[in-house]
Amino acid sequence: MAADTLKSTTGASGAPGGLRRLLLDNGALTALIVLVIALSALSGDFLTTDNLLNIGVQAAVTAILAFGVTFVIVAAGIDLSVGSVAALSATVLAWSATQHGVPVALAVVLAVATGVAAGLVNGFLIAYGKLPPFIATLAMLSVGRGLALVISGGVPIPFPDSVSHLGDTLGDWLPVPVLVMIVMGLLAAFVLGRTYIGRSMYAIGGNEEAARLSGLRVKKQKLAIYALSGVFAAVAGIVLASRLSSAQPQAADGYELDAIAAVVIGGASLAGGTGKASGTLVGALILAVLRNGLNLLNVSAFWQQVVIGVVIALAVLLDTVRRKAGATPVTSGGGGNKGKQAATYGLAAVVTVAIVGATSFLHNGSSSSDKPKMGLSLSTLNNPFFVQIRSGAQAEAKRLGVDLTVTDAQNDASQQANQLQNFTSSHLGAIIVNPVDSDAASNSVKAADKANIPVIAVDRGVNKADVNALVASDNIAGGEQAAKTIAEKLGGKGKIVILQGQAGTSAARERAQGFANGLKAYPGIKVVAQQPADFDRTKGLDVMSNLLQAHPDVQGVIAANDEMALGAIKALGSKAGTSVPVVGFDGTPDGLKAVKAGTLYASVAQQPTQLGRIAVDNALKATQGKKVEQMVKVPVKVVTKDNVAGFSG
């Protein structure tokens, strides 16, 4: 497939010049071919049927979002709201169908209508309100995410079974998300190339004033363009929620950037006037192939972000080089151009198959390592608690001679689903998962179970799926201990503030439930405010600073993790540890230092290093066919200044 929409304005200047022109005019497609060849050579697990289907599934949501964004970018606009609109549409579907008895068919219509409504609001603000597209869609990004959290109460909502089939496979091998992606791609190509509104997009993007003077109703066309983007966002949200079997209010966070990147990598110009559905598809596949391959090669999630950023920068640089080389935009492709495109696609397919086939011999007959191979998917590595789990797991893996691959889901349930799929297709000996959300991980764990791969859950369980063991401490019991600790310190009376974790995560829900349970025994303790600070130290500082303006007489603070507690301590200043005791959660190194210093009164420590160590130990036992306990409890411990010296974590 041609990866962009450029065609040379000059004649061929010999074979080398023709090859150069072919590469320039099909830069993204060339990059995709090179990536496939390189990863096939580097990893024997890359070029398997299961893994290639995984890549298709992992590209599907981004591609569907990006098809809608293509309309906007071709018209010289931008849409930053598609990720939030996707989450909101899926939440509306699940909320109406499961909690209010709306027929599923009507709930689907409501979800799509939600996407249309969000798009129309964007279009109205831009076309009639004269807001810059960046500002209008940035506002909708916040509104959409907020409404998703309001409707769901910050808790994932189970998805209707009849719609969840969109995340399944046909005939036990063909993923439905891939079929939906293809259908939406064909629809996008039809709209761009065969309809009046598609031609209007190119006209507006090329020169909006000229389009207006030629009689085009630019304002009404912009309404339609952003409404179309909303429709594609709604479909993407439904597909994503189907994969996760639940509508996650925090789903698709940051996906708008991936969608825009896919469009730009695929050859569209942010200046407008150029872009094609085929190029967008190639862009989405490049992102999916990169992430998949880097996971298989055990590249750090932090470096993966660097690589993706470099690829986007190179894509824009290539666009500049093409234009300087004398290429001109082609909007939707004429009849003669289609023949050239078909020939390009065919040549690309033949070259790819031939070279990939040759590289496959590199892996044939090669002896695999005798080391047991395992994968560990952590919900995030942007938190000291989970970094400690990783450290414990890696130390135990080294001691036992285990080859351990660690991935970071960055608190994104769909990204974790992709990582678990990659582990399964790589046929690892065992998988250890620390779920972003206990419900959302179920389908991926079921797939691993079906492949006879043992799964060990760590810190959080997996709902509606069988795991060989759960290695965890009890978040609810820990929350109760935190409440008891602060209440006893205050003598059973006082005003306190609770800093909650990230809305929608199981840890935040369970700890909040534990706080509530524990405080029931102390009617003299009054909770004057509860606000989420997303497990983040900076947000803990900001939220606590704000709450102190309304409640300067607060007498105690409970935070759902040490990071937020440390932020609260900073906001409290000299009051922390003197007139206002603060209780944290997790027992992180920085938290324990604060306990020693007396600024943090106590931390409910979960011994994360032990969690990682025990998880690897049980995973190895499971791969060897040994019996493992279904529930392995690691006790929590309230660490204060009195006992912190003897606590190792």
Side-chain angles (χ1 to χ4, degrees), residues 61 64-73 75 77-100 102-153 157 159-160 163 166 180 184 187-188 191 195 197 200-201 204 217-242 247-253 255-256 259-260:
V61 173
I64 296 169
L65 283 175
F67 290 141
V69 173
T70 302
F71 301 142
V72 176
I73 289 180
I78 200 75
D79 192 348
L80 299 177
S81 67
V82 289
S84 296
V85 172
L88 175 60
S89 298
T91 301
V92 167
L93 194 163
W95 173 76
S96 57
T98 61
Q99 296 187 4
H100 293 274
V102 175
V104 172
L106 180 56
V108 171
V109 172
L110 287 174
V112 175
T114 300
V116 173
L120 287 174
V121 171
N122 282 334
F124 181 83
L125 292 174
I126 293 163
Y128 295 93
K130 304 298 182 182
L131 266 66
F134 181 91
I135 299 301
T137 59
L138 182 63
M140 181 55 69
L141 178 153
S142 181
V143 170
R145 186 69 63 187
L147 287 175
L149 289 166
V150 168
I151 292 171
S152 66
I157 304 174
F159 223 50
V163 186
L166 288 174
V180 177
M184 298 306 289
L187 177 59
V191 169
T195 65
I197 189 174
S200 299
M201 294 173 192
I204 294 170
R217 296 180 176 179
V218 173
K219 291 182 177 180
K220 289 186 177 180
Q221 293 300 318
K222 284 187 176 181
L223 280 176
I225 290 167
Y226 280 93
L228 274 172
S229 179
V231 169
F232 278 72
V235 173
I238 293 170
V239 171
L240 177 58
S242 299
Q248 306 272 329
Q250 293 284 13
D253 186 21
Y255 278 36
E256 57 278 348
I260 293 169

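- Annotation: side chain to side chain donor-acceptor pair (under 3.5 Å) contacts of Ser229 (sequence neighbours excluded): Asp79.
- Applying the side chain to side chain donor-acceptor pair (under 3.5 Å) definition to pairs two or more places apart or across chains, none involves residues 141-152.
- Note that CD of Gln250 is 5.0 Å distant from CG of Leu149, once rounded to the nearest 0.5 Å.
- Ala259 pairs by the side-chain contact (heavy atoms from CB on, under 4.5 Å) definition with Leu65, Ala66, Val69, not counting sequence neighbours.
- Residues satisfying the ring pair (Phe, Tyr, Trp, His ring centres under 6.0 Å) test with Tyr255, not counting sequence neighbours, are none.
- Identified under the salt bridge (Lys or Arg N to Asp or Glu O under 4.0 Å) test for residues 108-120, with sequence neighbours left out: none.
- Looking at heavy atoms from C-beta onward, Val239 lies out of side-chain contact with Met184 at the 4.5 angstrom threshold.
- At distances below 3.5 Å, at least one donor-acceptor pair connects side-chain atoms of Ser242 with backbone N or O atoms of Val163.
- Ser96 is linked by a side-chain contact (heavy atoms from CB on, under 4.5 Å) to Val102, Ala107, Leu110, counting only residues two or more places apart in sequence or in another chain.
- Partners of Thr70 according to the side chain to side chain donor-acceptor pair (under 3.5 Å) rule, which considers only residues two or more places apart in sequence or in another chain, are Thr280.
- Val121 pairs by the side-chain contact (heavy atoms from CB on, under 4.5 Å) definition with Leu125, Met140, not counting sequence neighbours.
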**Request:** Evaluate side-chain contact (heavy atoms from CB on, under 4.5 Å) for Met201 paired with Val191, printing each intermediate quantity in order.
**Result:** CA-CA 10 Å; Met201 294 173 192; Val191 169; 4.0 Å; yes
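- Interatomic distance, Leu147 CG to Thr114 OG1, rounded to the nearest 0.5 Å: 9.5 Å.
- Going from atom NE2 of His100 over to atom CH2 of Trp95 covers 4.0 Å, rounded to the nearest 0.5 Å.
- Every residue two or more places apart in sequence or in another chain that forms a ring pair (Phe, Tyr, Trp, His ring centres under 6.0 Å) with Phe71 is listed here: Phe232.
- Between Val112 and Ser89, every side-chain heavy-atom pair lies at or beyond the 4.5 Å cut-off.
- By the side-chain contact (heavy atoms from CB on, under 4.5 Å) test, Ile78 pairs with Ile73, Leu80, Pro133, Phe134, Thr137, Ile260, Leu270, sequence neighbours left out.
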